[in-house]
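Keep in mind that what you see is a predicted model, and the values were worked out from it rather than measured.
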Amino acid sequence: MMAEKLVLIDGNSIAYRAFFALPLLNNDKGVYTNAVYGFTTMLLKILEEDKPDHILVAFDAGKTTFRHKTYEEYKGGRQKTPPELSEQFPVLKELLDAFEIKHYQLDQYEADDIIGTLAARGQEKKYDVKVISGDKDLLQLVSDKVKVSLTKKGITNVDTYDPDFLLEKMEIRPDQVIDLKALMGDSSDNIPGVPGVGEKTAVKLLKQFDKLEAVFEQLSEVSGKKLKEKLETHKDEAFMSKELVTIERNAPIEIDLGDLEYQHYDQQKVSSIFRDLGFQSLISRVSTDEVASHQEVPEDWDEVEVNVIRELTKDMITGKEAVVVEMLHENYHQSPIVGISIVNSNENYFITIDDAEKSEEFIKWAQDPSQEKWVFDAKRTLVALRRHGISLQGVSFDLLLASYLINPSENNHDVPSISHRMNERAVQYDEEIYGKGAKLKVPDDESIMQEHVTRKAAVLYKLKETMDAQLQQNEQYELYEELEMPLALILGEMEHWGVQVDVGRLEDMGSDLDRRLNDIKADIFELAGEEFNLNSPKQLGPILFEKLELPVIKKTKTGYSTSADVLEQLQDEHEIIEKILLFRQLGKLKSTYIEGLLKVVNQDTNKIHTRFNQALTQTGRLSSIEPNLQNIPIRLEEGRKIRQAFVPSKENWVMFASDYSQIELRVLAHIAQDEKLRNAFKEGKDIHTQTASEVFDVSEGEVTSQMRRQAKAVNFGIVYGISDYGLSQSLGITRKEAKTFIEKYLSSYPGVKEYMNESIQEAKRLGYVKTFMNRRRYLPDITSRNFNQRSFAERTAMNTPIQGSAADIIKKAMIDLDERLRTEKLQARMLLQVHDELILEAPEEELERLKELVPEVMEQTVELDVPLEVDYSFGPTWYDAK
DNA sequence: TCCTGCACGC
DNA sequence: GACGTACGTGCAGGAG
């Protein structure tokens, strides 16, 4: 029979770890939840993987413990537990109650002692005991029956120690852990140990003498006069330290192991607490895999009446309706529509797409711009209906965009989450209704789906007012109504129109790449003397660094790093390196760009339809998926050729590309009001050369290409808000040098420096920073006590207004350009946006007009204190438009 | 199915 | 003095 499993968790330690490992999250009620969240992910992992029969979470009791009698200063000088953490303990205990997991604390004792005692009792009963903590002291409990898991980086990442692993890692036995601590001390608990003896010396001593006692008995044999003296003088401290770090294994605990039996928790209770805490992502982990039509609904569930109709009639319409066009799949270019719900102040309707298409009144209503439609994700809705030949007009509210603008850092902009945040009625997640992956389907009982879709529409209807008010209050209504909403429609048109692809060209490039990859692969295997999976860094590492004995430059947590920057440093060491780099480069082209693109080409039209995510990035930029058309290669000629496969969709049309030159730095010059930077742009200077001349203190004529390259990296850093570390990496210099560069830059451009400081101050004052058009980004970490988190927030405060305002500008340019193309009755179509450039296709005869029009519109869309400069190019393929 | 390591763009 | 450090998407491998 398998031994019973007992899991003992050090509650304080894990909560503490989680608190410092995770950003200071809070839920919609402003309660901090990061420690609880981290603890919970760890707990779920244990429940799933270890499947304990018995479980307990131990907490420290109060301030004083029996150890203070031995040593008053025990744990003295320790930083007070931050209030943001202490307030999470009651919540944590509540959560444990919901899981029906016992937690325990004992006056005068620490969590360690509770764990030590119960581990000893478990061991006696021949249980398999597992201890979870972040505290190395617990390692003294390790034995054949007791394993100790210590958190490494993060919280769910642990090292599990048994006696062998301990010996391998620390070169000591479990019983020597206390001797080790006695010698080296522990500053975090204010345990003195022997001053001047660290881990190295302590291990050496224990290897020689085995036990602490023996060290002092045979003191004369200790090598080194200094060390001998130190040991002699601090003998008492050492023995006292040993006493302090020894965990009590016989504490007066009145609970029996039998009380700790773990029953399965109540899914309802746990999900409901998760919902309250805002742990949306964890809910699915505690609910069963069954499709949720079998799931119980929450207690406060209210009925939503659904009126299933076959046809829309005039009397049903009020002029303001919430509409949800439901699709099971994310990709709305392909997914069938399962139905449409329409909700207004009087009624809730549901109609299938087949019936809707046939209903004249429905089409008339949908296409009538004077009939308001309130939707979630206007672009998605628009494109879906467009595929059925319906051109949706009159969209006047988009819950997705509103939610995104109000707070882009909320990562769950879906109806159930928004509804919960806004204290509206409960809505189930789509996944709960339809399942996921292979099991995704409409429930057999269709009324469940109809109710769900209608419920979403009902919430949408209710939320319009709240969201509008919030946007008004944030002074973001214009951003919403004049920028993002119109843009959504334009993006929808672009996506729906698609980009033509020369499939034959892609296929030819693919076979060519295949041949070359095979040749290179053969060469590499020859040089390596064996065959292996070249795509596996895990297999490549040992070949390079063990078999070929190349110097190890960097390691990752799973082995040797084989990233490009490491390989580049090894270029001269072995001819295999160059070939690996080439293999990687070509392999990427083949898998991501040739095969990846061919996979998503529409078979009937040979067009590609990307989806722009308009509600994702923290800065206001767009992103592009399935496929990502914003990262088609350009830097290296080899990759750039991929662009030859992107062609106009009609005969005698051309590709036309137009991009802003240095838009972010111009935006910076404008908002920072920096005289020097502004003049540089006004005088049309090469900005990197200008920066180099400032930073290196030479005349522009004396700027070498090396200096210009470095200055370019500094400018890049300013635009992207990278750290001194980031700059040092990109230039291959030390952090210190990078820091000097940045400081030099800031003193050369005092206006910029002042702006940077003001931006940080503003973030501290308001809690957020904003762009030209009042796009917001909240930065709660700006006051963090954690240096990293705070630094990151500071760089974000400096960078987001720059990058975000640039995003505002190009979005506005797209709206203006769309308008001009219409009014001038041009056939030219916008196809793509790549952050600072627009790609169009147009009939050749419109080319002359576009050369004037596009740059003019882009340059004039906003007026800054510096000119905006736009370059353009064109040709028979995207490649030629360079 | 999820995570990691890597690589592409701005 | 160490932390882990612009934003995105997508691929292959490998562990569960």
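Look at CG on A:Asp871: it is 14 Å from P on B:dC10, rounded to the nearest Å. Distance, A:Leu513 CG to B:dC8 P: 13 Å, rounded to whole Å. A:Asn613 has its CG atom 15 Å from the C1' atom of C:dG10, to the nearest Å. As rounded to whole Å, 12 Å separates atom C1' of B:dC8 from atom CD of A:Gln630. For A:Leu586 and C:dC11, the CG to P distance is 18 Å, given to the nearest whole Å. Atom pair A:His835:NE2 and B:dC8:C1' shows a separation of 11 Å (rounding to whole Å applied). The interatomic distance linking A:Gln614 (CD) with C:dT9 (P) rounds to 14 Å, in whole Å.
Taking 3.5 Å as the limit, the base of C:dG1 and the side chain of A:Arg735 contain no donor-acceptor pair of atoms between them.
Interatomic distance, CG of A:Leu400 versus NZ of A:Lys379, reported as 8.5 Å (0.5 Å rounding).
Nearest-nucleotide assignment on DNA chain C puts the 5′-proximal partner with A:Gly721, out of A:Glu626 and A:Gly721.
Using a 4.0 Å cut-off between charged nitrogen and carboxylate oxygen, A:Glu664 and A:Arg621 count as a salt-bridge pair. A:Lys641 and A:Glu637 are joined by a salt bridge, as a carboxylate oxygen and a charged side-chain nitrogen come within less than 4.0 angstrom of each other. A salt bridge links A:Arg775 with A:Glu484: the closest approach of a Lys/Arg side-chain nitrogen to an acidic carboxylate oxygen falls below 4.0 angstrom.
Nearest nucleotide to the A:Thr556 side chain, out of C:dT5, C:dG8, B:dG5: B:dG5.
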